[in-house]
Amino acid sequence: MRKQPIPGSGGDLPHVVVLGAGFAGHTAAKGLLRRLRGRARVTVIDQNDHFLYLPLLPEVAVGTLEPRRIAVPLVQSLRGADVVVGEVTHIDVEARTVAYTDQEGGSGSVSYDRLVLAVGSVNKLLPVPGIAEYAHGFRGLPEALYLRDHLTRQIELAATATDPQEKASRCTFIVVGAGYTGTEVAAQGASFTAQMARAHPSLRGTPIRWMLLDIAKRVLPELDERLSRTADTVLRERGVDVRMGQSVAEALPKCVRLTNTDEEVPTHTLVWCVGVRPDPLVEDLGLPNERGRLVVGTDLAVAGHPEIVACGDAAAVPDVTRPGSATAMTAQHATRQGALAARNVAASLGHGTPRAYKHSDLGFVVELGGTDAAANPLGLPLSGLPATAVTRGYHLLSMPGNRIRVAADWLLDAVLPRQAVALGMVRGRQVPLETTAPAQAG
């Protein structure tokens, strides 16, 4: 393993290393660059060379947005930082070094004076037979591109199928998990496949069936009930079979068996959106953790290791608004924790004053496609066009780049028919449902 010097950096300056460039890591790195202004070296290590704006991933899957619209290059958005594209393999907290492998299998390591741990999360698998073999997750661009091709392919194959049962099974799509991602995938996927089906005369009279399953009592269980009702109404209006209190008992090659009733539903599409868990790298540190999240104080520092701060999905940050609990694994918390991490790390280097983390939710937005959305900015429940305007405005403000391109795609989608073509760039075997590769949500 080689020690990799940071190109163009002075060795006499303090070195801050940020692991992860998701919402927390990207915000932390940007804040550090602004606060330190060349008085420290800032290195960002991430397995991707871009920040991925995950909330708009469903719109990539249904063709509303092109994939590069939600991928912002790190070298552009984090000017002044050294960007290392690689996967972290080991952190030695005593020697203060981080080892990684690059895209072509080479290895390297960097030392740090301060470490910001924002490695994000991975898919959360449940012990359901067949899930790992026959389901696909939805946590990154490869999965979105695969799903876009897969949905297109199923409609095209259904249009040429002569067996009514095969036609019906290819027109049946099942999403497990009624949180943000699953709800948005089901809502937007139902509109996308219905639009495609209308172009095939042979599918007239064939129901395009979407099912949304979750063991929770309602969709979007983590949000205000009014948002949940709005989303539920939109889903049902689009023909989605919403089944709360029910999930998948077993996944088979061409069907799934449901819990409670043992009903078997023939399908070729199973999208797993159950949730996430912290990157296993956190547990490998050997430091105190809470359900895989690093235990930190309200200042985000690790007890006994003040040179390490953690934020986002990787950290169990005390929620002072709900004593005894940790903050939720959301992009909103991750972004604000990233900003605080930058402030407190800069303060530890003698620039500024530290603060403790305290944040109350300002509201949530759920993009349901077309002119439908659900939002409650500052607690004000909205639906329809007003919610869509608030939702898209929020996303544009939150993105660190590509705003004009995203707005242009939205405008084109409003006035032009969507192109439904299967490009075949990502095959199913290239996006297995597994939990080892981190998805940088936080």
Side-chain angles (χ1 to χ4, degrees), residues 6 9-46 81-82 84 88 90-100 109-120 278-279 281-320 323 325-327 333-359 442:
I6 303 301
S9 299
D12 57 335
L13 293 175
H15 189 198
V16 183
V17 175
V18 180
L19 302 186
F23 282 96
H26 189 276
T27 304
K30 204 167 186 66
L32 286 164
L33 292 169
R34 185 180 67 254
R35 290 178 179 276
L36 296 174
R37 299 185 181 277
R39 293 172 293 195
R41 299 153 52 198
V42 177
T43 298
V44 179
I45 304 178
D46 194 276
D82 293 296
V84 176
V88 175
H90 180 67
I91 302 171
D92 189 329
V93 296
E94 300 303 328
R96 298 192 182 188
T97 60
V98 176
Y100 64 89
S109 69
V110 295
S111 58
Y112 62 84
D113 297 296
R114 298 290 186 275
L115 180 68
V116 179
L117 193 66
V119 290
D279 185 345
L281 181 68
V282 174
E283 288 187 295
D284 293 341
L285 289 174
L287 298 174
N289 69 84
E290 180 180 306
R291 297 183 179 179
R293 303 173 76 186
L294 201 60
V295 174
V296 298
T298 54
D299 60 352
L300 309 183
V302 176
H305 290 275
E307 75 281 2
I308 302 176
V309 301
C311 49
D313 292 354
V317 180
D319 189 344
V320 297
S325 62
T327 56
H333 279 299
T335 300
R336 285 161 176 78
Q337 289 168 12
L340 181 65
R343 180 189 186 94
N344 289 356
V345 167
S348 75
L349 295 173
H351 309 290
T353 56
R355 285 186 181 174
Y357 185 73
K358 181 180 180 180
H359 170 67

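These figures come from a predicted structure and were not determined experimentally.
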Seminar exercise, completed: When rounded to the nearest 0.5 Å, the distance separating OG1 of Thr327 from CZ of Arg293 is 5.0 Å
Seminar exercise, completed: Interatomic distance, CG@Asp299 vs CZ@Arg355, rounded to 0.5 Å, equals 14.0 Å
Seminar exercise, completed: CZ of Arg114 to CZ of Arg96, rounded to nearest 0.5 Å, is 7.0 Å
Problem set entry | Nearest heavy atoms of Leu117 and Ala314, plus distance in Å | O-CB, 4.4 Å
Seminar exercise, completed: One should read off an interatomic distance between Leu300 CG and Thr298 OG1, to the nearest 0.5 angstrom, of 8.0 Å
Exercise. Does a side-chain heavy-atom distance below 4.5 Å link Ile45 with Val98?
Worked result: yes
Problem set entry | Heavy-atom pair with the smallest gap, counting every atom of Leu294 and Val282 | N-CG1, 3.6 Å
Exercise. Testing Val345, Val116, Val17, Leu33 for side chain to side chain contact (heavy atoms under 4.5 Å, CB included) with Val42, which one passes?
Worked result: Leu33
For this session: Could you check if a side-chain atom of Leu349 sits within less than 4.5 angstrom of a side-chain atom of Val16, using non-hydrogen atoms only?
Result: yes
For this session: Apply side chain to side chain contact (heavy atoms under 4.5 Å, CB included) to the pair Arg336 and Lys358, showing each step before the final yes or no.
Result: CA-CA 9 Å; Arg336 285 161 176 78; Lys358 181 180 180 180; over 6 Å; no
Exercise. Of all heavy-atom pairs between Ala347 and Pro354, which one has the smallest distance, and what is that distance?
Worked result: CB-N, 3.6 Å
For this session: For Asp313 and Pro278, indicate whether the former's side chain and the latter's backbone hold a donor-acceptor pair under 3.5 Å.
Result: no
Seminar exercise, completed: One should read off an interatomic distance between Asp46 CG and Tyr100 OH, to the nearest 0.5 angstrom, of 13.0 Å
For this session: Would you check if the side chain of His351 reaches a backbone N or O of Arg35 as a donor-acceptor pair within less than 3.5 Å?
Result: no
Exercise. So do the side chains of Thr353 and Arg343 get within less than 4.5 Å of each other, counting heavy atoms only?
Worked result: yes
Exercise. Is there a side-chain contact between Cys311 and Val317, using heavy atoms and a 4.5 Å cut-off?
Worked result: no
Seminar exercise, completed: So CG of Leu19 and OG1 of Thr43: to nearest 0.5 Å the spacing works out to 10.0 Å
Problem set entry | Heavy-atom closest contact (Ala40 atom, Leu13 atom, distance) | CA-CB, 4.3 Å
For this session: Spell out, as yes or no, whether a donor-acceptor pair under 3.5 Å connects the side chain of Gln337 to the backbone of Gly312.
Result: yes
For this session: For Val44 and Ala29, work out which heavy atoms get closest and say how close.
Result: CG2-CB, 3.7 Å
Exercise. So, for Ala301 and Val309, which heavy atoms are closest and what is the spacing to 0.1 Å?
Worked result: CA-CG1, 4.1 Å
